Amino acid sequence: MPPQKKSYNLVDRLAQPLKAVAQVTLSDTQKDVFRNAVNLRFFSPELSKNLVLILGCQRSGTTLLLLMLQAHSKVKGVDETALPYSLPFPSSPSLFYRQLQRQLICLKLPDHIANLDYIARYFPHAKILWTVRHPHNVVSSMRLLENAEGNWIQRCAERELIKLSPLFPEINALHLQNLDDISLGSYVWFYKNLAIALFKQKGLNVFDFKYEDLLENPAQMLEKILKFVNLEWNDQVLEYYKFHQKNKTYPGNTKGDKPLDKSRKNSQVALTEAEKATITQITQKLMIDYGY
């Protein structure tokens, strides 16, 4: 008679490393590290059905989408800038607590597209919302977003492309330090959105859609989004501006208390015909795929 296969539930699987560690004297710091590792390895994948990630290229409406979803009574929304960690994903207790509250945790994480393997391993059941915006307007908006250190492209584009290079090794041959702002911004848009296919190949559940469709038909698009994340309709998502702090500026200079403005489709900074041609040349493959 063949030996019966042993069946382990989550508690059984967790007990083995715990028993091993029980034989070793650990410092409080070591215990914290071990506890976090166990939570991440054993519990986070099980609880990741309670997680929604908003991804996309910067300046593509990710903050607007987060503000809309945050207005839903069953969503706890968090911007990546509000979390100090290099990998700002929720802990297992946070996921479980929100599950008990019948709420989804929704994280906006455009900076973390390069962490595909991490997301796929530890949060395999997360729902991913991916906003795509016309590259002309994205690059123009990147150039518009300035501070004392320069515009977004000058501050961030090269760093973002270097982070993406393990997913797309051809980035290493671009000689980034020699590229102009328009080319750098275009490559960021191209590779960030090219990553959608890699996420889907990993088996992750991705709903990618055009930012312009969200502006033109917000009710229709939000209905699809809520259905995708398994939430019922809530009128508050259309009236999100009533539920955010007055006069507060959110990341990317987005005003949470302002109603939806269809003029956001077009950036306020004009591009020359030569600049548009450069963007189109670099991003053309995906522009065609999305009907731009």
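As the structure is a computational prediction, the values presented were derived from the model and not from experiment.
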Apply side-chain contact (heavy atoms from CB on, under 4.5 Å) to the pair I128 and I196, showing each step before the final yes or no.
-> CA-CA 10 Å; I128 297 174; I196 294 172; over 6 Å; no
Show your reasoning for whether side-chain contact (heavy atoms from CB on, under 4.5 Å) applies to Y211 and S60.
-> CA-CA 7 Å; Y211 170 73; S60 295; 5.6 Å; no
Might you work through the side-chain contact (heavy atoms from CB on, under 4.5 Å) test for C57 and M142, ending with a clear yes or no?
-> CA-CA 10 Å; C57 183; M142 288 175 174; 3.6 Å; yes
Start with the C-alpha gap between L51 and R98, add the side-chain angles, then the distance that decides, and say whether side-chain contact (heavy atoms from CB on, under 4.5 Å) holds.
-> CA-CA 10 Å; L51 179 64; R98 291 297 167 183; over 6 Å; no
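Heavy atoms only, all atoms of each residue included: G56 and K192 are closest at O-CD, 4.3 Å. Residues R59 and S141 approach most closely at NE-OG, 3.0 Å, considering heavy atoms. The nearest pair of heavy atoms linking L194 to L286 is N-CD1, 3.6 Å. Pairing each heavy atom of S165 with each of I162, the nearest pair is OG-O, 2.6 Å. Of all heavy-atom pairs spanning T283 and P135, the tightest one is OG1-CG, 3.6 Å. In plain terms, the two heavy atoms of L174 and Y191 that are nearest each other are CD1-CE1, 4.2 Å.
Side chain of K285 to backbone of F190: no donor-acceptor contact under 3.5 angstrom is found. Judged purely by atom type and a 3.5 angstrom limit, K210 uses its side chain to pair as donor or acceptor with the backbone of Y290. Of the possible polar contacts, none joining the T62 side chain to the Q58 backbone as a donor-acceptor pair under 3.5 Å is found. At least one donor-acceptor pair under 3.5 Å links the side chain of Q70 to the backbone N or O of G77. Distance alone, capped at 3.5 Å, is enough to place a donor-acceptor pair between the R155 side chain and the G150 backbone. The main-chain N or O of G61 is never found under 3.5 Å from a side-chain atom of R133 such that the two would form a donor-acceptor pair. Checked by atom type and distance alone, the side chain of S140 never pairs as donor or acceptor with a backbone atom of N137 at under 3.5 Å. At least one donor-acceptor pair under 3.5 Å links the side chain of Q236 to the backbone N or O of A71. Judged by distance alone, with hydrogens and angles left aside, the side-chain atoms of E212 form a donor-acceptor pair with the main-chain N or O of H134 at under 3.5 Å.
Residues Y187 and L198 share a hydrophobic cluster, clusters being chains of Ile/Leu/Val/Met/Phe/Trp/Tyr side chains in contact below 4.5 Å. Under a hydrophobic-cluster definition in which Ile, Leu, Val, Met, Phe, Trp and Tyr are linked whenever side-chain heavy atoms come within less than 4.5 Å, directly or via other members, I171 and V188 are assigned to the same cluster. In this structure, I288 is not a member of the same hydrophobic cluster as V138, with clusters built from ILVMFWY side-chain heavy atoms closer than 4.5 Å. Tracing side-chain contacts under 4.5 Å through hydrophobic residues (I, L, V, M, F, W, Y), one never reaches F243 starting from M68; they form parts of separate clusters. Residues I105 and Y97 do not share a hydrophobic cluster, clusters being chains of Ile/Leu/Val/Met/Phe/Trp/Tyr side chains in contact below 4.5 Å.
One side chain, H136 or T280, offers a donor N or O that lies under 3.5 Å from an acceptor on the other.
Remark: I153 CD1 to L144 CG distance equals 10.5 Å, nearest 0.5 Å. Here the CZ atom belonging to F43 is positioned 12.0 Å from the CG atom belonging to L95, to the nearest 0.5 angstrom. Rounded to the nearest 0.5 Å, atoms CG (N115) and CG (L109) are 9.0 Å apart. Between the CG atom of L107 and the CG atom of L55 there is a distance of 9.5 Å, given to the nearest 0.5 Å. Atom CD in Q101 sits 10.5 Å away from atom CG in N50 (nearest 0.5 Å). To the nearest 0.5 Å, atoms OG (S48) and CG (L204) are separated by 9.0 Å.
The aromatic rings of F123 and Y118 sit tilted, their planes meeting at an angle between 30° and 60°.
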Quiz: residues 217-233 side-chain donor-acceptor pairs under 3.5 angstrom, not counting sequence neighbours:
residue: E232; atom: OE2; partner: K74; partner atom: NZ; Å: 3.3
residue: W233; atom: NE1; partner: D235; partner atom: OD1; Å: 2.6

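Summarising the local packing, NZ of K163 is surrounded by more than 12 heavy atoms from other residues, nucleotides or ligands at distances under 6.0 Å.
For the pair Y240/L64, a side-chain contact is recorded, criterion being any heavy-atom separation below 4.5 Å from C-beta on. Side-chain atoms of F96 and Q99, non-hydrogen and from C-beta on, do get closer than 4.5 Å to each other. In this structure the side chain of W152 never reaches within 4.5 angstrom of the side chain of D181, judged on heavy atoms. At a threshold of 4.5 Å between non-hydrogen side-chain atoms, the residues D208 and K200 count as touching. Two residues are said to be in side-chain contact when any heavy atoms from C-beta on lie closer than 4.5 Å; R143 and I182 meet this criterion. When side chains are defined from C-beta on, F209 counts as touching L65, because their heavy atoms get closer than 4.5 Å.
Partners of K258 according to the side-chain hydrogen bond (donor to acceptor under 3.5 Å, both in side chains) rule, which considers only residues two or more places apart in sequence or in another chain, do not exist here. By the side chain to side chain contact (heavy atoms under 4.5 Å, CB included) test, E146 pairs with N151, sequence neighbours left out.
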